[in-house]
Amino acid sequence: MSNQTINVTDEIYRYILDVSLREPPILAELRRRTAAHPRMTMQISPEQGQFMALLVRLSGARRCLEIGVFTGYSSLAVALALPDDGRVVACDVSEEYTRMARDFWSRAGVEDKIQLHLAPALETLDDLLAQGQAGAFDFAFIDADKGNYLAYYERSLELLRPGGLIAVDNTLWSGRLVAPAAGDADSIALDAFNRQLHGDERVDLSLVPIGDGLTLVRKR
Ligand code: CA
């Protein structure tokens, strides 16, 4: 028994998957295909995808933002959890990475739910704000270049309705934030991001040690 978060060994991790993972076959196939990708560690873990799908259903989200698509696992997990009229605005800069994403969205029959914007996410988010979309979104997932996390967060917060949820990926960064190495720009940026959120009175907060750390932020 422990009153702090359990240390998830490989054995315990396998047990978690064994007794709780309900991964739709299309997501399992996308995961297998992405496993061959040189940057496959950018994909979220399957139990995290399931957790995010649960959050989407729990919050009754209909309009979602995704910042950082890669090969599309998280956007597909979210889109499958949305009602028929649910929509995801997905931001990425890579035509190459998102090609696989678009293929799988289509095969899963959710391509009409996901609108991909191939442009720097800050431009897309600023466009949405300029179009008067502030407060129009229910859920956002931030999982892109770490140096821009605070900027993505600020814009997402503005685009979210009160009570809306932002999930931010990699907020434990393989444990490297405990003592960020000098010159490690991503670690320094993530640590600064975490500390900024800690004191942010505009939100409720929980850093969940699932995957590589997932910070949940509810707009007050
Ligand atoms: Ca990530």
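Whatever order the structure lists ligands and atoms in, that order sets their numbers, starting from 1. Since we're looking at a predicted model, the values are computed, not measured.
A 4.5 Å side-chain heavy-atom check between L21 and I16 finds every atom pair outside the cut-off. Residues F104 and E29 meet the side-chain proximity criterion, which asks for heavy atoms closer than 4.5 Å.
Taking distances strictly below 3.0 Å, the protein N/O/S atoms close to the Ca ion (ligand 1) are D143 OD1, D143 OD2, D169 OD2, N170 OD1.
Listed for the Y73 side chain is no donor-acceptor partner under 3.5 Å among the backbone atoms of S45.
Legend: ring-ring contact (aromatic ring centres under 6.0 Å, His included) pairs involving residues 16-35, not counting sequence neighbours: none detected.
Remark: D85 CG is packed, more than 12 non-hydrogen atoms of other residues, nucleotides or ligands lying under 6.0 Å away.
D84 and R87 are not joined by a salt bridge, as no carboxylate oxygen comes within less than 4.0 angstrom of a charged side-chain nitrogen.
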